[in-house]
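Take a look at the structure below.
Reminder, nothing fancy here: chain letters follow the sequence lines and each chain counts from 1.
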Amino acid sequence: MSRIHAPADARRTGGVMRYDHEAIEAKWQQYWAANETFKTPEDRTAPKYYVLDMFPYPSGSGLHVGHPKGYVATDIVRRAKRMMGFNVLGVMGWDSFGLPSERQAVKEGIHPEEVTRRNIDTFRGQLQKLGLAYDWSREFATSDPRHYKWTQWIFRKLYEQGLAYQADVGVNWCPALQTVLANEEVNDGKYVETGDPVEQRTMKQWMFRITEYAERLLAGLDGVDWPESTEKKQREWIGRSEGAQFRFDVKGTGESFEVFTTRPDTLFGCTYAVLAPEHPLVERITTDAQRAAVAGYLEETRAKTDRDRTTQAADAPKTGAFTGAFAICPVNGEAVPIWIADYVLASYGTGAVFACPAHDERDYAFAKTFGLPVREVVAGGDVSAAAYTGDGPHVNSDFLDGLDIAAAKTRIIAWLEENGIGKGTIQYKLRDWLFSRQRYWGEPFPIVFDDAGNPHLLPESQLPVTLPELDEYKPTTGPDGEPLPPLARATDWVNSPYGRRETNTMPQWAGSCWYYLRFLSPDRDDVAWDAEEEKYWMPVDLYVGGNEHAVLHLLYARFWHEVLFDLGLVTTPEPFQRLFHQGMIHALAYNDSQDMRGKFYYPEEVDHSDPSSSTATVKATGDTVFVKNMKMSKSRYNVSNPDDLCREYGADALRLYELFMGPLEEGGQWEDAGVAGTKRFLDRVWRLVVDEDTGENTAKLVPSADDRDLDRALHGAIKKVTESVDDLRFNTSISELMKFVNVATKAEKVSIDAMEAFLRVLSPFAPHIAEELWQRLGHTASIATAAWPAWDEAKLVVDSITLAVQVNGKVRGTVEVPADVDQAGALAAARAEPNVAEWLSKGELKREIYVPGRLVNLVVKM
RNA sequence: GCGAGAAUGGCGGAACUGGUAGACGCGCUGGACUUAGGAUCCAGUGGGGCAACCCGUGGGGGUUCGAGUCCCCCUUCUCGCACCA
């Protein structure tokens with residue numbers, strides 16, 4: 001029970017009892033911890049609400065003010081929903097495996113675990129200073145064997161389902177990091193996190209058959225409440241396209257190849273075929289005459305980066321080489337030349353296409369480059385000028401003539417199927433998920449290899465497979481000089497009684513794929529999660545995090561969840577019912593180059609006294625620097641530190657400003673001065689209750705006071721805050737809270753009931769001061785356990801309203817009328833307004849418009 | 001190139017289904033109280049004009065009694081995606 005009853009030991013300075021945020025915030029944080037105020041309730045009869053923040057990676061650099069924005073938002077939801085009678089599951093933990101800790105450990109010569117523990121302590125400390133209402137008893141880290149035992153357990157499940165396999169695949173190898181990266185981690189030929197260059201290699205890797213779930217992952221999006229743009233990104237990432245796959249025979253050989261197309265209806269317009277340079281047939285069908293040309297082209301292609309090959313516009317000039325071979329177009333028996341070209345990707349579809357330049361921009365560009373014929377088969381465009389991709393009747397197409405695209409597709413697919421040449425199929429852009437990394441600081445696989453090199457699952461009883469101690473965490477090399485992961489150094493560990501252990505580890509995504517389930521029963525060592533708890537708490541009702549995870553984490557987690565659902569281990573097909581992305585916080589950055597790629601300067605190094613100017617002056621040198629609002633980041637020298645702001649203004653003021661600065665989904669531009677503003681607001685709240693001269697409660701607070709204006713402000717605030725808990729528009733609800741304080745400050749008397757109701761709706765935003773004032777008003781239990789107040793619509797209505805009176809759409813005056821005025825009364829009052837009457841006298845009144853409660857518009861013909 | 005979103009005072013941002021544009025806050029100006037104020041309180045604050053009034057939501061058209069909001073065209077910015085046949 002509550003152990004701290006002493007009144008706030010707020011600092012008395014010169015007899016003034018000011019709001020001492022440091023003492024009060026520390027006091028209540030201790031109180032919440034000591035009383036386990038936010039421990040998840042045991043009762044399972046109340047409605048539940050699972051609010052989750054995206055799992056943070058505890059980096060070494062700690063938090064800047066951009067990080068807690070989402071956590072503050074979810075904290076308001078947690079606290080308010082709790083007061084509304086929900087059982088709230090609010091938890092925080094650490095996605096603590098990962099390369100940065102490993103690199104930091106190498107650098108400092110200590111164990112990654114130690115780095116991780118230190119970073120977690122920093123993060124936890126920073127978050128706890130913000131007064132976030134987490135159930136800290138459920139905290140866990142993915143790098144804890146108690147947790148990763150179950151990550152390995154889930155891997156076993158996926159393996160047993162045939163969803164995990166090893167394959168020799170072309171991978172993104174990062175020489176600097178000595179590891180492979182997932183496609184999603186590579187952009188522009190570089191590792192997205194560090195910018196280190198990435199090259200292509202073929203290696204044996206673990207893969208997940210996420211492609212088997214492509215259709216399910218698409219369908220599941222229909223049932224969730226997610227931002228439209230994120231759903232769209234996932235759909236596009238999965239990239240479903242319907243079409244046909246069929247066979248082309250290579251003339252004069254026994255060979256054939258399959259093509260995939262979404263436009264089988266244009267088959268009569270086929271004038272050549274193209275194989276990807278990597279296509280296995282290339283070697284076999286190239287004629288001697290063309291061998292040199294083909295070899296030359298393959299060399300050229302190899303030299304190109306993936307990006308060079310895949311980031312061209314459709315109508316960009318093409319490259320390629322003729323193989324000398326011809327393919328037989330199945331629909332008309334024509335022999336068409338077979339080319340190779342890097343605009344055809346080996347990794348998509350069948351790695352081969354038939355080309356119909358008349359109706360495909362890429363084929364058109366290629367045909368123009370190499371002087372290949374163009375044959376129109378869909379009327380409606382001018383194929384002598386450009387490819388025509390619109391609809392129209394087919395021509396030059398035998399049995400398809402006259403049909404539109406849709407009908408022609410159906411017809412040709414039926415024909416292909418009847419003749420045993422091919423069939424209608426669906427292709428996805430989604431590729432199988434590369435799941436292994438050559439790193440130390442990740443989950444070991446529960447896999448051993450036999451002497452023949454075949455993988456076997458370790459029995460469940462052998463989990464967790466823990467990370468062995470190493471002298472060094474750097475990658476190593478094998479007897480043939482091939483690169484080996486750091487775990488290969490642990491020879492005793494590798495040679496287990498069950499076989500040779502897998503030395504790759506899982507990627508960082510693994511832990512975050514199911515952490516939301518572990519939070520349900522993190523103390524259980526006998527199960528990954530408790531089935532009853534899963535039934536009660538899942539799905540996550542509100543998931544808040546940045547949109548940078550729109551595809552990767554959210555797609556991977558959904559995939560695992562779907563598999564677990566199929567196995568009957570979870571009861572909902574989707575893990576995250578509602579998703580919300582908080583915006584990225586920006587702040588002014590100063591750089592000596594206009595493109596912001598030069599040297600950055602700290603705000604205190606420059607003089608930017610004219611905020612409307614896009615340039616500033618470096619104080620020391622007088623040089624001009626450019627000013628731009630940029631994402632807050634250490635490297636741009638534009639971060640604000642939450643610890644400093646907590647010290648100066650308090651966590652409550654910081655929390656308020658995080659959300660007051662703008663809509664949650666937009667980031668907003670950070671200004672430390674804004675925190676001073678929300679601090680002033682809290683000072684005024686304080687003075688409503690506390691007489692700063694005596695430290696006693698103010699005389700202003702009385703048992704009852706009849707004040708319609710104050711009631712309206714109060715109930716307006718209650719209503720707005722209550723609604724914002726669902727629509728997450730906290731910036732406007734904070735302004736309603738401010739309005740109440742403005743009215744209350746001016747009022748002679750404020751009823752204690754009104755003040756208490758206000759404190760309750762304020763408490764999710766500024767919990768420390770709300771607790772303190774609540775206690776000063778005589779309450780012994782935490783305000784977090786108080787009931788949420790209801791608003792009274794009757795209190796929101798006003799006796800009289802001000803109507804704007806327009807003449808021809810321009811406001812010419814206002815009139816006070818009773819709130820329940822009828823149309824005739826409103827119009828009469830409007831016409832009587834002196835200034836309006838004068839305008840009316842200038843012309844003929846043609847029309848009167850009355851918008852109840854708003855305005856009157858009188859249309860006058862002058 | 002394609003797609004999505006955005007553009008409102010000196011600044012961050014309000015404005016429900018078209019209905020008094022600029023709520024709330026920052027900053028600024030003036031005043032009060034003060035030994036002092038970077039504390040607090042009061043008043044003011046889109047631009048122009050003594051005023052009536054005029055002009056104002058990136059630019060240009062349109063619909064409407066009435067447009068920040070709806071439609072068309074354009075500009076700029078942000079964020080995704082990038083030859084997927």
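Residue A:T802 has no polar side-chain atom (N or O) positioned under 4.0 Å from OP1 or OP2 of B:U20. One finds a side-chain N or O of A:N835 lying less than 4.0 angstrom from the OP1 or OP2 phosphate oxygen of B:C53. Taking side-chain N and O atoms only, A:N742 has a distance below 4.0 Å to OP1 or OP2 of B:G25. Contact annotation: A:R687 reaches the phosphate of B:C41 (side-chain N/O to OP1 or OP2, under 4.0 Å). When the side-chain nitrogen and oxygen atoms of A:R847 are compared with OP1 and OP2 of B:C65, one or more of them lie within a distance under 4.0 Å. Regarding contacts with the backbone of B:A14, a side-chain N or O of A:N731 is found under 4.0 angstrom from either OP1 or OP2. OP1 and OP2 of B:A23 both lie 4.0 Å or more from every side-chain N or O belonging to A:R729. Contact between the side-chain N/O atoms of A:W839 and the OP1/OP2 oxygens of B:C53 is found at a separation under 4.0 Å. The side chain of A:Y343 places no N or O atom within less than 4.0 Å of a non-bridging phosphate oxygen (OP1 or OP2) of B:A85. Applying the 4.0 Å criterion to OP1 and OP2 of B:C55, one finds that A:K810 has a side-chain N or O inside that range.
Across the C1' atoms, B:A52 and B:A4 are found 48 Å apart, a figure rounded to whole Å. Taking atom C1' on both B:G47 and B:G9, the two are 9 Å apart, rounded to the nearest angstrom. Nucleotides B:U69 and B:C16 place their C1' atoms 12 Å apart, quoted to the nearest Å. Nucleotides B:G19 and B:U64, compared at atom C1', are 12 Å apart to the nearest Å. Rounded to a whole angstrom, the distance from the C1' atom of B:A23 to that of B:C72 is 32 Å. Across the C1' atoms, B:G37 and B:C53 are found 43 Å apart, a figure rounded to whole Å. Spacing between B:C2 and B:G62 at atom C1', rounded to whole Å, works out to 29 Å. On the C1' atoms, B:G59 is 25 Å away from B:G12, given to the nearest whole Å.
Pairing partner, B:G1: B:C81, with both Watson-Crick or wobble hydrogen-bond distances short of 3.5 Å. With a 3.5 Å ceiling on both atom-pair distances, the Watson-Crick or G-U wobble partner of B:G46 is B:C55. Base-pair partner of B:A39: not found among the strands shown (Watson-Crick or G-U wobble, both distances under 3.5 Å). Under the Watson-Crick or G-U wobble criterion, with both distances below 3.5 Å, B:C26 is paired with B:G10.
Residue contacts for A:R240: at a heavy-atom cut-off of 4.0 Å it reaches no nucleic acid atom on any strand shown. Nucleic acid contact for A:G677: sugar-phosphate only, since backbone atoms but no base atoms lie under 4.0 Å from a heavy atom of the residue. Backbone-only contact: A:K232 has heavy atoms under 4.0 Å from sugar-phosphate atoms and none from a base. Counting non-hydrogen atoms under 4.0 angstrom, A:V851 reaches a base of the nucleic acid. Looking at heavy-atom distances under 4.0 Å, A:R812 makes contact with sugar-phosphate atoms alone, never a base. Using a 4.0 Å heavy-atom cutoff across all strands shown, A:E671 reaches sugar-phosphate atoms only and no base atom. Note on A:T678: nothing from the nucleic acid sits closer than 4.0 angstrom, heavy atoms only. Here A:K429 lies in heavy-atom contact (under 4.0 Å) with a base. Nucleic acid contact class of A:T262 (heavy atoms, under 4.0 Å, all strands): sugar-phosphate only. A:V344 comes within 4.0 angstrom of a nucleotide base, judged by non-hydrogen atoms across all strands. A:E666 comes within contact range of no nucleotide atom at all, as no heavy-atom separation falls under 4.0 Å.
Side-chain contact between A:D652 and A:H21 is absent, with no heavy atoms from C-beta onward closer than 4.5 Å.
Taking atom CG on A:N808 and atom P on B:U20, their separation rounds to 17 Å, with Å as the unit. Counting to the nearest Å, the P atom of B:G12 and the CG atom of A:L588 are 9 Å from each other. Atom CG of A:L656 and atom C1' of B:G25 are 11 Å apart (whole Å). A:M738 places its CE atom 15 Å from the P atom of B:G13, with the value rounded to the nearest Å. Remark: C1' of B:A39 and CZ of A:R684 are 13 Å apart, rounded to the nearest angstrom. Here B:C81 presents its P atom at 15 Å from CD1 of A:I238, a figure rounded to the nearest Å. Regarding A:L855, its CG atom lies at a distance of 19 Å from the P atom of B:A15, rounded to whole Å. For the pair A:E242 CD and B:A85 P, the computed distance is 12 Å after rounding to whole Å.
Looking at A:S640 and A:D672, their side chains do bring a donor and an acceptor atom within 3.5 Å of each other. There is a side-chain donor-acceptor pair under 3.5 Å between A:Y297 and A:T319. In the model, A:Y364 has no side-chain atom that pairs as donor or acceptor with a side-chain atom of A:T389 under 3.5 Å.
Residues A:G667 and A:K739 both approach RNA chain B. Their nearest nucleotides, taken by heavy-atom distance, put A:G667 toward the 5′ side. Mapping A:L345 and A:N547 onto RNA chain B by nearest heavy atom places A:N547 at the nucleotide closer to the 5' end.
A donor-acceptor contact under 3.5 Å is not formed by the side chain of A:R680 with the base of B:C26.
The pair A:R729-A:E723 fails the salt-bridge criterion, with no side-chain N (NZ, NE, NH1 or NH2) lying under 4.0 Å from an Asp/Glu carboxylate O. Using a 4.0 Å cut-off between a side-chain N of Lys or Arg and a carboxylate O of Asp or Glu, A:K739 and A:E736 qualify as a salt bridge. The pair A:D683-A:R687 fails the salt-bridge criterion, with no side-chain N (NZ, NE, NH1 or NH2) lying under 4.0 Å from an Asp/Glu carboxylate O.
For A:F660, the side-chain atoms get nearest to B:G25 when compared with the rest of B:C26, B:G25, B:U20. Distances were taken from every side-chain heavy atom of A:K233 (C-beta onward) to each of B:C16, B:A15, B:G80; the shortest belongs to B:G80. Distance from the side chain of A:P663 is smallest for B:A14 among the nucleotides B:A14, B:G25, B:G80. Comparing atom distances between the A:N857 side chain and each of B:A14, B:A85, B:G66 picks out B:G66 as nearest.
A cation-pi arrangement is not found for A:K318 relative to A:F366, the charged atom failing to lie both closer than 6.0 Å to the ring centre and inside a 45° cone about the ring normal.
In this structure B:G49 sits in the anti conformation; its chi angle is more than 90° from 0.
The aromatic rings of A:F370 and A:W339 lie tilted to each other, with the angle between the two planes from 30° to 60°.
Scanning all heavy atoms of the two residues, the minimum distance from A:A352 to A:L275 falls at CB-CD2, 3.5 Å.
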